[in-house]
Amino acid sequence: MQRSHAIANGVFVAVANRIGLEGNLEFWGGSFIADPFGRILAQASSDQEEVLVAECDLRLIDETRRNWPFLRDRRIDAYGGLLQRFLDSK
């Protein structure tokens with residue numbers, strides 16, 4: 001899902017997930033950094049704490065948005081309902 005957010009928004013995405021046990025909850029790790037095409041640049045393991053570092057060429061953002069113009073084609077005229085709270089009256 002996070003990789004699709006990187007693609008749809010044309011940005012780099014860093015996804016953090018912890019590892020280990022907390023009470024009855026087990027966390028599986030697998031943090032990663034994805035580029036605007038959703039490609040994984042770096043991925044952490046699922047069994048140890050790690051710091052991820054990846055080189056992100058910010059020019060790729062412009063290239064991606066120019067060739068995959070998802071944001072250009074959105075219908076902001078249809079967003080009016082998002083400005084109202086669920087129980088607000090019209």
| query | Should side-chain heavy atoms under 4.5 Å link Ile, Leu, Val, Met, Phe, Trp and Tyr, which residues sit in the same cluster as Leu21? | reply | none
Distance-only criterion, 3.5 Å: show the donor-acceptor pairs between side-chain atoms of residues 32-44 and protein atoms not counting sequence neighbours.
unit_1, atom_1, unit_2, atom_2, d
Asp35, OD1, Phe37, N, 2.9
Asp35, OD1, Gly38, N, 3.1
Asp35, OD1, Arg39, N, 2.9
Asp35, OD2, Arg39, NE, 2.7
Asp35, OD2, Arg39, NH2, 2.8

| What heavy-atom pair brings Leu60 and Thr64 nearest, and what distance separates the two atoms? |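 It is O-OG1, 2.7 Å.
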| Where is the tightest heavy-atom contact between Ser46 and Ile19, given as atom of each residue plus distance? | O-CG2, 4.0 Å
| If only atom types and distance count, is the side chain of Arg65 paired as donor or acceptor with the main-chain N or O of Val11 below 3.5 Å? |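 Side chain of Arg65 to backbone of Val11, a donor-acceptor pair under 3.5 Å: no, none is there.
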| task | Enumerate the residue pairs fulfilling salt bridge (charged side-chain N to carboxylate O under 4.0 Å, His left out) with a member in residues 19-30, sequence neighbours excluded, ordered by first and then second residue. | result | Arg18-Glu22
Taking only distance into account, with no hydrogens and no angle test, what donor-acceptor pairs under 3.5 Å do side-chain atoms of residues 49-57 form with protein atoms, sequence neighbours excluded?
unit_1, atom_1, unit_2, atom_2, d
Glu50, OE2, Ser45, N, 2.6
Glu50, OE2, Ser45, OG, 2.4
Asp57, OD1, Arg59, N, 3.1
Asp57, OD1, Arg59, NE, 3.0
Asp57, OD2, Arg59, NH2, 3.1

| query | What is the distance from atom CD of Gln2 to atom CG of Asn17, rounded to the nearest 0.5 Å? | reply |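 Atom-to-atom, Gln2:CD and Asn17:CG are 10.5 Å apart.
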| query | Who are the side chain to side chain donor-acceptor pair (under 3.5 Å) partners of Asp77, not counting sequence neighbours? | reply |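 Residues passing side chain to side chain donor-acceptor pair (under 3.5 Å) with Asp77: Arg75.
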| said: According to side chain to side chain contact (heavy atoms under 4.5 Å, CB included), who are the partners of Leu58, at least two apart in sequence or on a separate chain? | reply: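 Leu58: side chain to side chain contact (heavy atoms under 4.5 Å, CB included) contacts with Phe12, Ile61.
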